[in-house]
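Read through the structure below, which is laid out as structure tokens, and then see the notes.
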Amino acid sequence: MYTIKEAINVTHHFYETCAYFTAARYMRTAEAAADKFFKPTGMRPAYSYLMMALEDQHPLTISELAENLGYERSSSYRMAQKLERQGYLKMYLNGKSATVDLLPASGPFLETANRCLEAWGHFTTDKLGADKAAMTRLLTTNDEKLRR
């Protein structure tokens, strides 16, 4: 156990060495930048992420969406509810399960979201250069390791 004097003199190195804190700091920075790029959708980037996942494969259950996107089931459900209120998708409830599918009105939103994603991709490539591909590969691999 540290005394107060010892605790004050401790120097932490987690700013650059802790996977959790460095990833969290990066995500806060990336989220703030992505918010600007996805602003034309009228929603936070996470909503575009969910909609584009459905664009790739639909219908999906809320559980499948949550697993695919790495969100809690409750977060995926809340986002789907908001998107349903916007008229972009429909949730079909079956007991404790919910299946989500795109509606025709999702087309303009998805067109905008995909343009935002393309602009975001150019921005991150310009800023991160060759590190971008290596970083995303490592993040994907390490995410899979931590999920096991």
Taking every non-hydrogen atom, the tightest pair across [X] and [Y]:
| X | Y | result |
| --- | --- | --- |
| Leu69 | Ala53 | CD2-CB, 3.8 Å |
| Ser63 | Arg73 | OG-NE, 3.3 Å |
| Ala34 | Trp120 | N-CZ3, 3.5 Å |
| Pro59 | Thr99 | CB-CG2, 3.6 Å |
| Ile62 | Ala80 | CD1-CB, 3.8 Å |
| Gly70 | Arg147 | CA-NH2, 2.9 Å |

Leu93-Leu83 co-clustered via ILVMFWY side chain contacts under 4.5 Å
yes

Joint cluster assignment, Met79 & Met52, ILVMFWY side-chain distance < 4.5 Å
yes

When rounded to the nearest 0.5 angstrom, what distance separates [atom1] in [X] from [atom2] in [Y]?
| X | Y | atom1 | atom2 | value |
| --- | --- | --- | --- | --- |
| Leu103 | His58 | CG | NE2 | 10.5 Å |
| Lys82 | Glu84 | NZ | CD | 14.0 Å |
| Leu89 | Leu60 | CG | CG | 11.0 Å |
| Thr136 | Asp131 | OG1 | CG | 10.5 Å |
| Glu64 | Ser97 | CD | OG | 8.0 Å |
| Ser106 | Lys90 | OG | NZ | 14.5 Å |

Hey, can you tell me if Tyr49 and Tyr71 have their rings parallel, tilted or perpendicular (30° and 60° cut-offs)?
perpendicular

Phe109 and Tyr88 aromatic ring geometry - parallel, tilted or perpendicular at 30°/60° bounds
tilted

Report yes if the side chains of Leu65 and Leu54 come closer than 4.5 Å at any heavy-atom pair, otherwise no.
yes

Any side-chain heavy atom of Met43 sitting closer than 4.5 Å to one from Ser48?
no

Check: Glu55/Asn114 side-chain N/O donor and acceptor closer than 3.5 Å:
yes

side-chain hydrogen bond (donor to acceptor under 3.5 Å, both in side chains) against Thr124, all qualifying residues, sequence neighbours excluded:
Lys132

For the CG atom on Asp126, are there more than 12 heavy atoms of other groups (residues, nucleotides or ligands in this structure) within a distance under 6.0 Å?
yes

Looking at Phe38, is its backbone amide N or carbonyl O close enough to the side chain of Thr41 to form a donor-acceptor pair, meaning the two atoms are under 3.5 Å apart?
yes

Does a salt bridge link Glu72 with Arg78, judged by any charged N lying under 4.0 Å from a carboxylate O?
no

For the pair Asp35 and Lys39, find out whether any cationic side-chain nitrogen is under 4.0 Å from an anionic carboxylate oxygen.
no

Do Met135 and Tyr26 pass the side-chain contact (heavy atoms from CB on, under 4.5 Å) test, and can you show the C-alpha distance, the side-chain angles, and the key distance before you say yes or no?
CA-CA 11 Å; Met135 180 191 69; Tyr26 174 82; 3.2 Å; yes

